Asker: 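Before I ask anything, let me first share the structure, which is written out below as structure tokens.
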Amino acid sequence: MRPRIGPLRRLRAFDHRFPMVLDAFWATLFAVIGVVGLYADKQYDFREADPFAVIVVLAGTVPYTWRRRAPLPVLVISATATVLIVALNYPTTVLPLALVLGCYTVAALCDRRHTVFGLALMGVALTYVAIDRPPDLDRLGLVLNSAIYASAFAFGESARSRRLYTAGLEERAVLLERERAEEAARAVAQERLQIARELHDVVAHSLSVIAVQAGVGSHVIATDPEEARRSLDAISTTSRSAMVEMRRILGVLRDSDGVQAGPQHAPAPGLCQLPALVADIDRAGVPVRIDTVGERNGVPPGVDLTAYRIVQEALTNVLKHAGPTARATVHVRYRSGTVDVRVDDDGRGCAVTSEGAESGSGSGNGLVGMRERVAMFGGTVSAGPRPGGGYRVAAHLPYADDGGDHDDDGSDRADR
């Protein structure tokens, strides 16, 4: 069912869309009551109404149609008409009531300088009315009117302060959203550059192997054809792997053309370095167990590197955010053409990425980096609380199977 909208909310929405319509209604109402009051008020010894009095009343009420476009001029005109009516001893009728709306509007929509001017103007007008007091206004009524006008200015100032405060909050929210978007874009760019550098290491290593094997084959081709054949096989396998890596990096890092890669490094780490990584985390205070299913044979270097980085990021988050008594288990599952890694912990159940945002929400830069890495291989990554408590980061990384010997029995000995 659609929620019902109350009459007041409907009126506010209408006034927001058509502000002059409501203002014109109030101006017309003031004008009609003011003109009728000129001829109807026979209780006191006022001057008889005439066309000039009608003109003055209309001059003091009709401008309220534009009260939000020109608040201070409308207040000046209305106050002048009121003083003139009092000076000529005509019935004031509705003009004092209209001034309440004028005072509120000036304080609500004008700056502080114009509000002070409006206060001073009303002070002068009330001083004159106190001196040349009309017969229907006693001293108590004069004090009461002064208090009403002061209250109108106070309410208007309060409304102006609330409006400025809300506008400031909205502006800060826009700036924060823009900063978050820029920070996310910078994080993606930095992560892509890091991926390019790491894959550069893999490709550079492959080219080095090709160069060495080519030199060996050229040297022994005349004396040991079998050794030369093995060198050519190694060159073929390594070059295919390097081409696969290059195609993947070009698919994700199209905007990184012309970026100079870093200096030569040793090949990037992989899953075979997990024991050393686990030992570091263990020494830091979080016991970690590795559970492996299948054989690592034939995993491309890029997939191996990505899986290692995901485990590294997940264990770092466990160390930082899961609590002092947390324990973790790293599950690695090798199957034909895929690698699945999963990191489970029994900590607080809400991990935070290394940059400080909740990874479960999908907005953290750490999870953005994981997704960027996995996206190159058409894989998936997820992060969130475990049903039984703790936190889980899991990634599925497919790759082209070259026919190596993999364990494809479908078993999963990982503890949950």
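Residue indices begin at 1 and follow the sequence shown. Note that the structure is predicted; figures quoted are calculated from it, not measured.
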Asker: For a 4.5 angstrom cut-off between non-hydrogen side-chain atoms, does Leu126 reach Val124?
Answerer: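 No, side chains not in contact.
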Asker: Heavy atoms only: give me the nearest Gly118-Leu75 pair and the separation to one decimal.
Answerer: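 Taking every non-hydrogen atom into account, CA-CD2, 4.1 Å.
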Asker: Quick one: pull up OG1 in Thr127 and CE in Met122 and give me the separation to the nearest 0.5 Å.
Answerer: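 With rounding to 0.5 Å, OG1 (Thr127) is 10.5 Å from CE (Met122).
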Asker: Would you call Thr306 and Phe377 a side-chain contact if the rule is heavy atoms closer than 4.5 Å?
Answerer: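 Yes; the side chains approach each other to less than 4.5 Å.
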Asker: Do Asp344 and Arg342 sit within salt-bridge range, that is, some charged N less than 4.0 Å from a carboxylate O?
Answerer: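 Salt bridge between Asp344 and Arg342, a charged N being under 4.0 Å from a carboxylate O: yes.
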Asker: Determine, stepwise, if the pair Arg180 / Glu177 fulfils salt bridge (Lys or Arg N to Asp or Glu O under 4.0 Å).
Answerer: CA-CA 5 Å; Arg180 280 195 293 266; Glu177 185 65 27; 2.8 Å; yes
Asker: Verify side chain to side chain donor-acceptor pair (under 3.5 Å) between Arg162 and Thr166, making sure each step is shown before the conclusion.
Answerer: CA-CA 6 Å; Arg162 287 197 305 270; Thr166 303; over 6 Å; no
Asker: At what distance, to the nearest 0.5 angstrom, does OH of Tyr334 lie from CG of Asn297?
Answerer: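 The OH atom of Tyr334 sits 9.5 Å away from the CG atom of Asn297.
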Asker: Examine distances only and state if a side-chain atom of Thr105 and a backbone atom of Leu101 form a donor-acceptor pair shorter than 3.5 Å.
Answerer: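 Yes, Thr105 side chain to Leu101 backbone: donor-acceptor pair under 3.5 Å.
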Asker: Between Leu277 and Val288, is the side chain to side chain contact (heavy atoms under 4.5 Å, CB included) condition met? List the steps.
Answerer: CA-CA 10 Å; Leu277 175 63; Val288 183; over 6 Å; no
Asker: Within the supplied structure, the quantity of interest is the number of heavy atoms (other residues, nucleotides, ligands) at a distance under 6.0 Å from Glu182 CD; does it exceed 12?
Answerer: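 Yes, the 6.0 Å shell around CD holds more than 12 heavy atoms from other groups.
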Asker: Does the side chain of Thr338 come within less than 4.5 Å of Leu397's, by heavy atoms?
Answerer: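 Counting from C-beta outward, Leu397 and Thr338 never come under 4.5 Å.
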Asker: Check whether any side-chain N or O of Asp304 sits under 3.5 Å from a backbone N or O of Leu271 as a donor-acceptor pair, and report yes or no.
Answerer: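 Yes.
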Asker: How many angstroms lie between atom CG of Asn317 and atom CD of Glu313, to the nearest 0.5 angstrom?
Answerer: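 Here the rounded value is 5.0 Å.
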Asker: Do Arg327 and Asp345 meet the salt-bridge criterion of a basic N to acidic O distance under 4.0 Å?
Answerer: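 Salt bridge between Asp345 and Arg327, a charged N being under 4.0 Å from a carboxylate O: no.
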Asker: Could you grab the distance from atom CZ of Arg289 to atom NE2 of His331, nearest 0.5 Å is fine?
Answerer: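 Rounded to the nearest 0.5 Å, the CZ-NE2 separation comes to 6.5 Å.
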Asker: Working to the nearest 0.5 Å, report the span between SG of Cys110 and CZ of Phe117.
Answerer: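 Reported value, rounded in 0.5 Å steps: 11.0 Å.
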Asker: State, with a plain yes or no, whether a side-chain heavy atom of Val311 is found less than 4.5 Å away from one of Leu274.
Answerer: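 When only atoms from C-beta onward are counted, Leu274 and Val311 do touch, with a gap below 4.5 Å.
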Asker: Pairs under 3.5 angstrom only: tabulate donor-acceptor contacts from the side chains of residues 78-88 to other protein residues two or more places apart or in another chain.
Answerer:
unit_1: Ser78; atom_1: OG; unit_2: Gly60; atom_2: O; d: 3.2
unit_1: Ser78; atom_1: OG; unit_2: Tyr64; atom_2: OH; d: 3.0
unit_1: Thr80; atom_1: OG1; unit_2: Val76; atom_2: O; d: 2.7
unit_1: Thr82; atom_1: OG1; unit_2: Ser78; atom_2: O; d: 2.9

Asker: Is it the case that atom CZ in Arg69 sees more than 12 heavy atoms from other parts of the structure closer than 6.0 Å?
Answerer: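 No.
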Asker: Quick check: closest heavy atoms across Ala49 and Tyr39, and the distance to 0.1 Å?
Answerer: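 Taking every non-hydrogen atom into account, CB-CE2, 3.7 Å.
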Asker: Using a 4.5 Å cut-off on heavy atoms from C-beta on, say whether the side chain of Arg335 contacts that of Asp340.
Answerer: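 Side chain of Asp340 against side chain of Arg335, heavy atoms only: contact under 4.5 Å found.
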Asker: Using a 3.5 Å distance criterion without hydrogens, assess whether the side chain of Arg163 forms a donor-acceptor pair with backbone atoms of Ala108.
Answerer: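 Flag set: sc Arg163 to bb Ala108 pair under 3.5 Å.
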Asker: Would you sort out whether Leu58 and Val35 count as a side chain to side chain contact (heavy atoms under 4.5 Å, CB included), showing the intermediate values?
Answerer: CA-CA 8 Å; Leu58 293 178; Val35 172; 4.0 Å; yes
Asker: Restricting to pairs with a member in residues 123-182, which pass ring pair (Phe, Tyr, Trp, His ring centres under 6.0 Å), not counting sequence neighbours?
Answerer: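 Qualifying pairs: none.
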Asker: May I have the step-by-step check of side chain to side chain contact (heavy atoms under 4.5 Å, CB included) for Leu38 and Val57, ending in yes or no?
Answerer: CA-CA 9 Å; Leu38 283 175; Val57 169; 3.6 Å; yes
Asker: Treating Ser239 as the side-chain partner and Ile235 as the backbone partner, does any N or O pair qualify as donor plus acceptor under 3.5 Å?
Answerer: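 Yes, the answer is positive, given that a donor and an acceptor are paired below the 3.5 Å cut-off.
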Asker: Is there a side-chain contact between Ile310 and Val374, using heavy atoms and a 4.5 Å cut-off?
Answerer: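 When only atoms from C-beta onward are counted, Val374 and Ile310 do touch, with a gap below 4.5 Å.
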Asker: So which atom in Leu142 and which in Ala130 form the shortest heavy-atom distance, rounded to 0.1 Å?
Answerer: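 Smallest interatomic distance, heavy atoms only, reads CD2-CB, 3.3 Å.
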Asker: Taking the side chain as everything from C-beta on, heavy atoms only, tell me whether Val318 gets closer than 4.5 Å to Tyr391.
Answerer: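 Not in contact.
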Asker: Is the count of non-hydrogen atoms from other residues, nucleotides or ligands lying under 6.0 Å from Arg160 atom CZ greater than 12?
Answerer: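 Result for CZ/Arg160: enclosed.
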Asker: Salt bridge or not for Asp346 and Arg386, using N-O below 4.0 Å?
Answerer: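 Salt bridge: no.
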Asker: Measure across Pro287 and Ala326 and return the closest heavy-atom pair with its distance rounded to 0.1 Å.
Answerer: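 Minimum heavy-atom separation between Pro287 and Ala326: CD-O, 3.5 Å.
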Asker: Side chains of Asp50 and Tyr90: donor-acceptor distance under 3.5 Å anywhere?
Answerer: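 Note: Asp50 and Tyr90 side chains meet the donor-acceptor criterion.
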Asker: Given the rule in the side chain to side chain contact (heavy atoms under 4.5 Å, CB included) test, do Met20 and Arg68 qualify, once you have shown the distances and angles that lead to the verdict?
Answerer: CA-CA 8 Å; Met20 284 194 64; Arg68 277 183 275 195; over 6 Å; no
Asker: Report yes if the side chains of Val393 and Ser382 come closer than 4.5 Å at any heavy-atom pair, otherwise no.
Answerer: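 Result no, sub-4.5 Å side-chain heavy-atom pair not found.
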Asker: Measuring from atom CG of Leu97 to atom OG1 of Thr61, what distance do you get when rounded to the nearest 0.5 angstrom?
Answerer: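 It comes to 11.5 Å.
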